[in-house]
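We count residues from 1, following the sequence as given. Only a predicted model underlies this, so the values are computations on that prediction, with no experimental measurement involved. No hydrogens, no waters, no symmetry mates; every other heavy atom, side chains included, goes into these values.
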Amino acid sequence: MCDLSGVEIIEGKGHKDNFYHTLQVIDNTAAKSENIWLRWAALLHDIGKPATKKFDEGHGWTFHGHETVGERMTPKIFRQLKLPMNEHMKYVAKLVALHLRPISLTKEDITDSAMRRLLFDAGEEIDDLMILCESDITSKNRVKVKRYLENFEIVKQRLKEVEESDKIRNWQPPISGDEIMQIFNLTPSREVGVLKTAIREAILDGVIPNNYEAAYELLVEKAKELNLKTPNP
């Protein structure tokens with residue numbers, strides 16, 4: 001946490017003090033939720049920034065990939081602090097890993113595919129993730145904060161609409177890995193994973209509808225590409 005403190009300036013360009021920013025995010029989160037583990041996610045959401053900080057002459061300071069580094073750091077921190085290495089740790093690591101995703105959607109055209117992927121990846125934690133991300137919007141520029149919050153409300157509304165129509169939260173593809181093995185008389189193998197992934201990705205991308213018939217048709221097509229035998233009747 002100490003490494004988050006301070007501001008470095010190069011060529012007149014500085015970055016925010018990530019220590020005080022983190023304290024503000026914790027305060028914002030605490031005002032919205034009493035979930036102690038969500039507050040831990042707020043505490044650790046930027047923990048990967050010191051390790052990823054770089055100065056780009058064309059863009060200023062960057063922290064590319066800090067969410068992934070933070071996710072990897074979370075188990076180590078929990079272990080050092082003798083915190084539970086169970087679903088609570090996994091919950092915090094997951095939110096740290098995903099905390100940029102909703103905010104990034106405010107900067108681009110919001111597609112149903114992007115919404116589906118966020119809902120699928122976040123699962124039951126989507127509501128807590130949205131609290132963390134909204135709490136992460138901190139700036140002394142009130143106009144900037146107002147614009148971000150307005151865009152964030154649009155993202156939340158679109159997530160609600162896609163969830164109501166597609167039921168993606170905690171969703172699983174209509175054809176399971178076990179069923180794929182039965183259809184093609186396969187044992188657990190790379191081919192099973194490839195076929196299951198192809199169905200999942202096609203549905204999340206909106207290439208095929210989320211139903212068994214469309215998934216089965218795609219399954220047969222992809223199986224031919226892998227030189228698998230005709231499905232069992």
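Residue-environment remark: NE2 (His88) exceeds the threshold of 12 foreign heavy atoms within 6.0 Å. Within 6.0 Å of NZ in Lys13 there are more than 12 heavy atoms belonging to other residues, nucleotides or ligands.
Between Arg116 and Asp205 no salt bridge is recorded (no basic side-chain N to carboxylate O distance below 4.0 Å). Taking the charged nitrogens against the carboxylate oxygens, Glu150 and Arg147 have no contact shorter than 4.0 Å, which rules out a salt bridge. Between Lys90 and Glu87, no side-chain nitrogen of the basic residue sits less than 4.0 Å from a carboxylate oxygen of the acidic one, so the salt-bridge criterion is not met.
Atom CG in Leu4 sits 12.0 Å away from atom OH in Tyr20 (nearest 0.5 Å). Remark: Asn211 CG to Glu217 CD distance equals 10.0 Å, nearest 0.5 Å. Interatomic distance, CG of Leu23 versus CG of Asn28, reported as 11.0 Å (0.5 Å rounding). Rounding to the nearest 0.5 Å gives a distance of 9.0 Å between CD1 of Ile175 and CD of Glu213. Rounding to the nearest 0.5 Å places CZ of Arg200 at 12.5 Å from CG of Leu195.
Put simply, the side chain of Arg101 never gets that close to the backbone of Ala114: no donor and acceptor are under 3.5 Å apart. The backbone N or O of Asn18 lies less than 3.5 Å from a partner atom in the side chain of Thr22, making a donor-acceptor pair. Side chain of Lys196 to backbone of Ser176: no donor-acceptor contact under 3.5 angstrom is found.
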Inset, instruction - Starting from the C-alpha separation in whole Å, work towards a yes-or-no answer on salt bridge (Lys or Arg N to Asp or Glu O under 4.0 Å) for Lys156 and Glu153. - result: CA-CA 5 Å; Lys156 290 198 292 185; Glu153 285 300 318; 2.9 Å; yes

Legend entry - Derivation of the side-chain contact (heavy atoms from CB on, under 4.5 Å) call for Leu43 and Met1: CA-CA 9 Å; Leu43 176 66; Met1 292 301 297; 3.6 Å; yes

Legend entry - His45/His66 under side-chain contact (heavy atoms from CB on, under 4.5 Å): CA gap, chis, key distance, verdict: CA-CA 9 Å; His45 80 286; His66 75 271; 5.8 Å; no

Inset, instruction - Mind running side-chain contact (heavy atoms from CB on, under 4.5 Å) on Val194 and Lys222 for me, showing each step along the way? - result: CA-CA 9 Å; Val194 169; Lys222 292 296 180 181; over 6 Å; no

Inset, instruction - Verify side-chain contact (heavy atoms from CB on, under 4.5 Å) between Phe152 and Met130, making sure each step is shown before the conclusion. - result: CA-CA 9 Å; Phe152 200 70; Met130 298 305 282; 3.7 Å; yes

Inset, instruction - Report the C-alpha distance between Gln182 and Asp178 in whole Å, list the side-chain angles of each, state the deciding distance to 0.1 Å, and finish with yes or no for side chain to side chain donor-acceptor pair (under 3.5 Å). - result: CA-CA 6 Å; Gln182 292 175 4; Asp178 288 339; over 6 Å; no

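At least one side-chain heavy atom of Asn35 sits less than 4.5 Å from a side-chain heavy atom of Tyr91. Taking 4.5 Å as the limit, some side-chain heavy atom of Glu134 sits within range of a side-chain heavy atom of Leu149. Under the 4.5 Å side-chain criterion, counting only non-hydrogen atoms from C-beta, Phe120 is not in contact with Ile203. Taking 4.5 Å as the limit, some side-chain heavy atom of Glu125 sits within range of a side-chain heavy atom of Leu95.
Residue pairs meeting the salt bridge (Lys or Arg N to Asp or Glu O under 4.0 Å) criterion with at least one member in residues 40-68, sequence neighbours excluded, are Glu8-Lys53, Asp46-Lys49.
Clustering of Ile, Leu, Val, Met, Phe, Trp and Tyr side chains at separations under 4.5 Å places Val7 together with Ile9. Summarising the hydrophobic clusters (Ile, Leu, Val, Met, Phe, Trp, Tyr; side-chain heavy atoms under 4.5 Å, direct or chained), the residues clustered with Ile10 are Phe55, Trp61, Phe63.
The aromatic ring centroids of His15 and His21 lie 6.0 Å or more from each other.
Side-chain atoms of Gln157 and Glu161 include a donor-acceptor pair closer than 3.5 Å.
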